[in-house]
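Please read the structure below before turning to the comments.
For clarity, every value in this text was computed on a predicted model and none was experimentally measured. Chain A is the first sequence line, chain B the second, and so forth, proteins listed ahead of strands; every chain is numbered from 1.
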Amino acid sequence: MTLPAPRIGLTRRTALAAGAAALLPAATVADAQPAHRETMAAVERSVLAGRTPLASGVTLDMPTLSENGNSVDLMIRIDSPMSGEDHVTAIHVLADKNPFPRVATFRIGPRAGRAEVGTRIRLAETQTIVVLAETSRGTVHRGAREVIVILGACVDGG
Amino acid sequence: MASASIPARITMPAEARRGEIIEIRVLARHAMDRAIDAPGLTPVPRKIIHTLRVTYDGAEILHMDLSPGIAANPYVAFTTVATTTGELVFEWLEDGGAVYERRQMLTVT
């Protein structure tokens, strides 16, 4: 897999300034495509569909600090027996400050054996990642985790 | 649907005992172009893998919706219970309608 080349001589200060500057064009792109623009609150509402999430059962494994927002490891575990009657049906990953807050949705079932998924995501800036897990019983579990991003994913093409 | 191949690495055991939970890790090579327009970048149209679908012996075991927020070279890890000897079919659906497919055999003892 290809990783962006290390930026030698780039100080933390200039990296942060570049990150902030990169957000402005991102907003312009979002304005140009209003059909794709969805706010975090709207995404959470559509997933919850009137249900109140339980603040338990979600383990969200991520680095606390990420140097490079282009690729951040993410591992999610939901406490669930994963039986025919009681299993996780969907796991949603949301990132509030990304141009598209709806990052990924995993649809699984009792055949997974364990409610455990992993992927790598892009983060535009320091923010809180939210995971919503829907179960076959109709409950929703919510977990959140703050990640500090030094160099946001908007800065270069990776 | 057209079904071309994609450079991908699928990590999973070739054999498992019945009832065992196996871990499957999939890494595909794809730029995941997300149509960003920033200084110093040439704007490119959005072209990402928007769905990864995995079936095992004909039944869907994972259906994942991806967004431009997934890192280039999308990596996905998940689990499944070994039930019967059969084929796992991995399908990546790309913007523009292309479908890439890979198959992997799982022998259950």
**Asked** Is it the case that more than 12 heavy atoms not belonging to E67(A) sit under 6.0 Å from its CD atom?
**Response** no
**Message:** Same cluster or not: I78(A) versus L48(A), using hydrophobic residues (I, L, V, M, F, W, Y) connected whenever any side-chain heavy atoms lie under 4.5 Å apart?
**Reply:** no
**Request:** For the pair S67(B) (side chain) and A104(A) (backbone), establish whether a donor and an acceptor sit closer than 3.5 Å, ignoring hydrogens and angles.
**Result:** no
**Asked** Non-hydrogen atoms of chain B under 4.5 Å away: do they reach the side chain of A95(A), the backbone, both or neither?
**Response** neither
**Prompt:** Checking T119(A) side chain against Y75(B) main chain: does a donor-acceptor pair fall under 3.5 Å?
**Reply:** yes
**Message:** Please determine whether residues V47(A) and V103(A) belong to a single hydrophobic cluster, defined as Ile, Leu, Val, Met, Phe, Trp and Tyr linked transitively by side-chain heavy-atom distances below 4.5 Å.
**Reply:** no
**Prompt:** Do R102(A) and D65(B) have side-chain heavy atoms sitting under 4.5 Å apart?
**Reply:** no
**Asked** Shortest non-hydrogen contact from T80(B) to R111(A)?
**Response** OG1-O, 3.0 Å
**Item:** Rounded distance (nearest 0.5 Å) linking atom CZ of F106(A) with atom CG of L52(B)
**Value:** 9.0 Å
**Prompt:** Nearest 0.5 Å, what's the CE-OG1 distance between M82(A) and T79(B)?
**Reply:** 7.0 Å
**Message:** Is it the case that atom CZ in R51(A) sees more than 12 heavy atoms from other parts of the structure closer than 6.0 Å?
**Reply:** yes
**Fill in**
Distance col, row L74(A):CG vs I70(B):CD1, nearest 0.5 angstrom, shows 8.0 Å
**Request:** Identify which part of L66(B) has an atom lying under 4.5 Å from any heavy atom of chain A, answering side chain, backbone, both or neither.
**Result:** backbone
**Request:** Determine, using the 4.5 Å side-chain heavy-atom cutoff (strictly less than), whether V89(B) and V108(B) are members of one ILVMFWY cluster.
**Result:** no
**Request:** Is it possible for you to say whether I24(B) and V88(A) belong to one hydrophobic cluster, with membership spreading through side-chain heavy-atom contacts below 4.5 Å?
**Result:** yes
**Request:** Can you measure from NE2 (H63(B)) to OG1 (T89(A)) and round to the nearest 0.5 angstrom?
**Result:** 13.0 Å
**Item:** Euclidean distance, E60(B) CD relative to R107(A) CZ, rounded to 0.5 Å
**Value:** 10.0 Å
**Asked** Should F100(A) and V130(A) be regarded as members of a common hydrophobic cluster, given that ILVMFWY residues are connected when their side-chain heavy atoms come within less than 4.5 Å of each other, either directly or indirectly?
**Response** no
**Item:** Distance-minimising heavy-atom pair for P68(B) and R122(A)
**Value:** O-NH1, 2.9 Å
